[in-house]
Structure formats: C-alpha cells, structure tokens
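Working notes for the structure below.
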Amino acid sequence: MQLFHELVIDDWVGDTSVRAVPGFWDAVIGSLEDVRIIAVVDRVTGTSPTFLLFVNESPDLTVPHAGNLATPLFNVPLTVGQSNLLQAALTGATPGSYGSHIWFQLGGTGAPSAHVRIWATGRGRP
Amino acid sequence: MRLFQAQVLDEFLEGDGASGEPAHSWGLLLARAESLKVTCIVDTVVASPTLTVTLLGGISDVTYFEATKSPIVPATGLGTGTTVLTGTYSGLDAGFPPPRHLTLNAVINGAGGKAHVRMWVCGRGPQLLEALPPSQATLPAQLDMARRLADEGRLPLKKRVLSPGASVFYPPDLWLPSLRWER
C-alpha cells in the first residue's frame, strides 16, 4: 500500500550543476524498499537538453560516506517546448542503506534550464 | 550555560584533501546555540598533514553554500602524538550570524597524510529556542517532520501542515537513532 507521497523538490534550474533534494527526505525515502519517482520537467530550454537523476545511499547521513545506489534516469533527452514526464523506481532488488538521497542534473548545451518537480511515492507494508 | 554536548565526528581521514563531515542531522541543533566550542582530538597521524576545520551554514540541511566561519580551527600541523585543537563561534557574530543550519567540515592536507579525527561540539547559551520534542526515528515521525520542514520554506498559501510564521525544531536522533547528545 501507499505509505507516503510527497513533492520532494520544486526547483527552477538554470545551469548544469548537480542539485539535491533536501536532506530531511533521506531517512523517509530510505525507510522503504519500493519508491516510485516521478519527475515532471517543463519550461525546458537549451540545445539537446537531458535529465540525470541518481540516488545515493548513506549509512550515517553524511556526504563523504554516500555512494551511488542507483541511477534510474541517465541523461534522458528532454523535449523543449513541452512538459516531460519521467518515471523511475527504487525496488527491493537493490536494497539500500539507511538514507537515500536524490540528486539531479540538467545536461546539454546552449544554457539549458528547466522547471523541475520530483515526487516520491513510498509503498510497502505499514 | 551549557545547552548540549555531542561527539559529531569519529573518522580516519586518509589522503591529501580527505574530509569528514558530521551527519547533516546535527545542522539544526548546532544553529540553536548562542555560542559553539569545537574540540578536535587528533591521533594516529601519518606523514604530518595539516588539519583545518570550517563551519559551514545554509538554508538547507545538506547543501551548504556559506563559510560561516572559515576556518573555525585554522590549519595546524599535526605531529605524531595526540593533538588537541579548539575553535569557537558566536552566534552574535555581526558579519556572519548563523543561518538555519550549521555543520562542520574537517580536512587534512599533505601528501600521504592520514589522521584519526574526533570532534566534539559544545553549545552554550541561555536556552534552546523551543522545548525539545521526544524523538522517535520511525517512518511516521520522520515523515511528519519532513513535511513540516518542507512547509517552512513555502509561501503561506502553499503551506499544508505548518501555520504561517511557525518554525520547527528537530533533535538529531529523530533522523538517525545512533546520534547521541547530552543536554
């Protein structure tokens, strides 16, 4: 069953730097094996823009001890001029450590920018 | 008076530029004191590196953009024995008062340098701003607090669970039960 469903980031991105979902979601997202991730990316500009989303795991909620758990969206091409719906999931097939931290990044050339919203839906047994 | 005391780091740092950071869950507590005393005890040193500690601050609990006090512990050469280093920060600092969250970053520099770094923080002041809620590192408790924290940065009309103008406080062990601190 669905245990939580949250808009974890709503951000206007104007460069290609790596951005993070607030860390207070780490323990919540890391609680469950099955997490559905939906990213809605609109107001896209740039040349051949792409979207990267990866999840790091951490045993102690520190950055130096965080390592990659999964990269469910790897440089997915974005279409300029329309809303882009991107779907991903974390599953029990790849169990994570205590905290799961979501990062995302725009790629491409020509000063890519976009409005990024990411929802996380946790499913499991209460 | 002393408000809290906690060991926030116990790490072997190995290599030029190796860094250690406390769990980001400490961020809100560190920003709550009028003044901070940082104490580092460094031992098991190899190749005489230097250690520098920076106090970082930001509006987020994971991405820190500001060097609130850089350095809080200046670069110091480490000998082969045990070295004790200290640093202080006052929340009354006119240039860099504390933002919403504070954390620390310890870095060793020097080719082949290695060191075992332990770091404690003692927070002092008249009192914490809010009474401390009992914490349980359970999914419902963490989800409730995460929703409140998300609301803190929202415009009033977009808030869902937190009343306009309200702020929240969490103890570090809400997010990670192994984090221990004393009042």
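The basis for the numbers below is simple: all heavy atoms, side chains too, and nothing from hydrogens, waters or symmetry mates. Numbered from 1 within each chain, the chains take letters A, B, ... in sequence-line order.
Hydrophobic clustering of Ile, Leu, Val, Met, Phe, Trp and Tyr side chains at less than 4.5 Å, counting indirect connections, keeps Trp120(B) apart from Leu176(B). In terms of hydrophobic clustering, with Ile, Leu, Val, Met, Phe, Trp and Tyr side chains grouped at heavy-atom distances under 4.5 Å, Phe54(A) and Val35(A) are assigned to different clusters. Following chains of ILVMFWY side-chain contacts shorter than 4.5 Å, one can reach Ile102(A) starting from Leu3(A), so the two form part of one hydrophobic cluster. Note on Phe169(B) and Leu174(B): same hydrophobic cluster, where clusters join Ile, Leu, Val, Met, Phe, Trp and Tyr whose side-chain heavy atoms are under 4.5 Å apart, directly or indirectly. Linking Ile, Leu, Val, Met, Phe, Trp and Tyr residues whenever their side-chain heavy atoms come within less than 4.5 Å places Val80(A) and Leu78(A) in a single cluster.
For the pair Ala146(B) and Phe24(A), the tightest heavy-atom approach, listed with the atom from each and the gap, is O-CE1, 3.4 Å. In plain terms, the two heavy atoms of Glu21(B) and Val63(A) that are nearest each other are OE1-CB, 3.7 Å. For the pair Ala23(B) and Asp60(A), the tightest heavy-atom approach, listed with the atom from each and the gap, is CB-O, 3.1 Å.
Crowding of Leu7(A) atom CG: a count of heavy atoms from other residues, nucleotides or ligands under 6.0 Å exceeding 12. Within 6.0 Å of atom CZ in Arg43(A), 12 or fewer heavy atoms from other residues, nucleotides or ligands are found, so the atom counts as exposed in its surroundings.
Atom NE2 of His101(A) and atom NE2 of His24(B) lie 6.5 Å apart (nearest 0.5 Å). Note that the CG atom of Leu61(A) and the CG atom of Leu179(B) stand 7.0 Å from one another [nearest 0.5 Å].
A donor-acceptor contact closer than 3.5 angstrom links the side chains of His65(A) and Glu11(B).
Residue Asp26(A) touches chain B through its side chain alone, counting heavy-atom pairs closer than 4.5 Å. In this structure, the portion of Leu32(A) lying under 4.5 Å from any heavy atom of chain B is its side chain and not its backbone. In this structure, no portion of Arg148(B) lies under 4.5 Å from any heavy atom of chain A. Val8(A) does not touch chain B: none of its heavy atoms, backbone or side chain, sits under 4.5 Å away.
Inter-residue side-chain proximity for Ser178(B) and Tyr98(A) is flagged as unmet; no heavy-atom pair is nearer than 4.5 Å.
Taking Ser31(A), Gly23(A), Ala27(A) one by one and counting their heavy-atom pairs under 4.5 Å with chain B, the maximum is reached by Gly23(A).
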- Task: Determine, stepwise, if the pair Leu143(B) / Trp25(A) fulfils side-chain contact (heavy atoms from CB on, under 4.5 Å).
- Result: CA-CA 8 Å; Leu143(B) 180 58; Trp25(A) 291 116; 4.0 Å; yes
